[in-house]
Amino acid sequence: MIRKFVCLLSVTTLFATTSCKDSDAISKIDDNAVEVAPASTESVIASDPNIAPPEVSPTETADASGAIMTFDKSEHDFGSISEGENVTYDFAFKNTGKSDLIITDAKGSCGCTVPEYPKDPIKPGASGKIKVSFNSSGRPGQQQKTVTITTNTSKGTEQLNIKASVKPKASA
């Protein structure tokens, strides 16, 4: 709406200054009839009760006062393991933010990777762990898997990575 008004005002002024045959066209503009656009959108919203403020997503309003999930490390290499072996690793983290950290979900990139996460809020300064289990059955070769954690951090999601070199079972 503001852009339309400013554009219309600009076009009108341009038309008035270029279409007059008189070289002193600017002096003919009545300054009292010209409305100046406000400096910002916020001032228009504040001055007009019929305009609703724009919706802002949580990620746009997040700042350092929110929850911050800080991992000791976000990737773990199990090294060389035998096919069929189940391995686990605990990813340690700390809430370095200023509000409770809430984990709403954690999912592995496939069914062979299963995360377990704390269901209760983690207070600022408190620590926790995400336990990730990997089942190498039927998965010979180099494996790389991802765990996506849904949180109330400013990013909304965090990612953990695991990898392993799975030695195939010996053929009988």
Side-chain angles (χ1 to χ4, degrees), residues 1-6 36-169:
M1 179 169 160
I2 294 171
R3 288 184 185 150
K4 288 181 183 177
F5 175 75
V6 171
V36 178
S40 69
T41 311
E42 289 80 15
S43 58
V44 170
I45 292 170
S47 65
D48 190 345
N50 296 320
I51 299 175
E55 301 250 345
V56 178
S57 72
T59 55
E60 292 175 18
T61 59
D63 58 26
S65 64
I68 300 171
M69 191 174 203
T70 305
F71 287 91
D72 289 348
K73 67 180 201 174
S74 60
E75 184 173 307
H76 179 72
D77 186 350
F78 288 109
S80 183
I81 62 174
S82 298
E83 184 178 355
E85 195 174 342
N86 289 313
V87 290
T88 62
Y89 183 77
D90 291 336
F91 286 94
F93 66 89
K94 183 174 184 176
N95 179 1
T96 56
K98 296 185 178 173
S99 63
D100 287 0
L101 170 66
I102 300 169
I103 302 171
T104 56
D105 196 17
K107 291 187 189 235
S109 55
C110 76
C112 65
T113 307
V114 180
E116 294 177 34
Y117 61 95
K119 308 297 190 261
D120 294 327
I122 293 92
K123 298 284 183 199
S127 297
K129 65 180 180 173
I130 307 269
K131 180 180 182 178
V132 177
S133 301
F134 171 66
N135 181 350
S136 65
S137 293
R139 302 197 181 279
Q142 193 63 36
Q143 300 294 316
Q144 293 186 340
K145 306 298 177 188
T146 303
V147 173
T148 303
I149 304 158
T150 306
T151 68
N152 66 330
T153 61
S154 64
K155 292 191 294 185
T157 60
E158 305 291 331
Q159 286 206 330
L160 301 174
N161 299 294
I162 59 168
K163 59 184 178 177
S165 178
V166 181
K167 292 182 285 183
K169 288 182 182 178

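Everything quoted here is computed from the prediction, not taken from an experiment.
- Ring geometry, Phe91 versus His76: the interplanar angle exceeds 60°, so the pair is classed perpendicular (tilted spans 30 to 60°).
- When every heavy atom of Tyr117 is checked against every heavy atom of Asp105, the shortest pair comes out as OH-CA, 3.6 Å.
- Taking CD1 of Ile68 as the reference point, atom CG of Asn95 lies at 7.5 Å (rounded to 0.5 Å).
- By the 4.5 Å heavy-atom criterion applied to side chains, Val87 and Ile162 are not counted as neighbours.
- In this structure, Thr157 OG1 and Gln159 CD are separated by 6.0 Å, a value rounded to the nearest 0.5 Å.
- Interatomic distance, Thr148 OG1 to Asn161 CG, rounded to the nearest 0.5 Å: 8.5 Å.
- Of the candidates Asn86, Thr113, Thr88, Thr113 is the only one forming a side-chain contact (heavy atoms from CB on, under 4.5 Å) with Phe134.
- For Ile81 against Ala164, the heavy-atom pair with the smallest separation is CD1-CB, 4.0 Å.
- The distance from atom OG1 of Thr150 to atom NZ of Lys155, rounded to the nearest 0.5 Å, is 12.5 Å.
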- Task: For Leu160 and Phe71, run side-chain contact (heavy atoms from CB on, under 4.5 Å): C-alpha distance rounded to whole Å, both residues' side-chain angles, the deciding distance at 0.1 Å, then the answer.
- Result: CA-CA 9 Å; Leu160 301 174; Phe71 287 91; 3.5 Å; yes
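- Across all their heavy atoms, Gly108 and Pro115 have their closest contact at N-CD, 3.9 Å.
- When only modelled atom types and interatomic distance are considered, Ser136 and Gln143 share no side-chain donor-acceptor pair under 3.5 Å.
- The CG atom of Asn152 sits 9.5 Å away from the CE atom of Met69 when rounded to the nearest 0.5 Å.
- Residue Asp90 forms a salt bridge (charged side-chain N to carboxylate O under 4.0 Å, His left out) with just one option from Lys129, Lys73, Lys131, and that option is Lys129.
- Interatomic distance, CG of Leu101 versus CZ of Phe93, reported as 5.5 Å (0.5 Å rounding).
- Taking each heavy atom of Glu158 and Thr153 in turn, the nearest pair found is OE2-OG1, 3.1 Å.
- The aromatic rings of Tyr89 and Phe78 lie perpendicular to each other, with more than 60° between the two planes, well past the 30° mark.
- Across all non-hydrogen atoms, the minimal contact from Gln142 to Lys163 is NE2-CB, 4.5 Å.
- Other residues, nucleotides and ligands contribute only 12 or fewer heavy atoms inside 6.0 Å of the NZ atom of Lys94.
- Residues Ser82 and Val166 share a closest heavy-atom pair of C-CG1, 4.1 Å.
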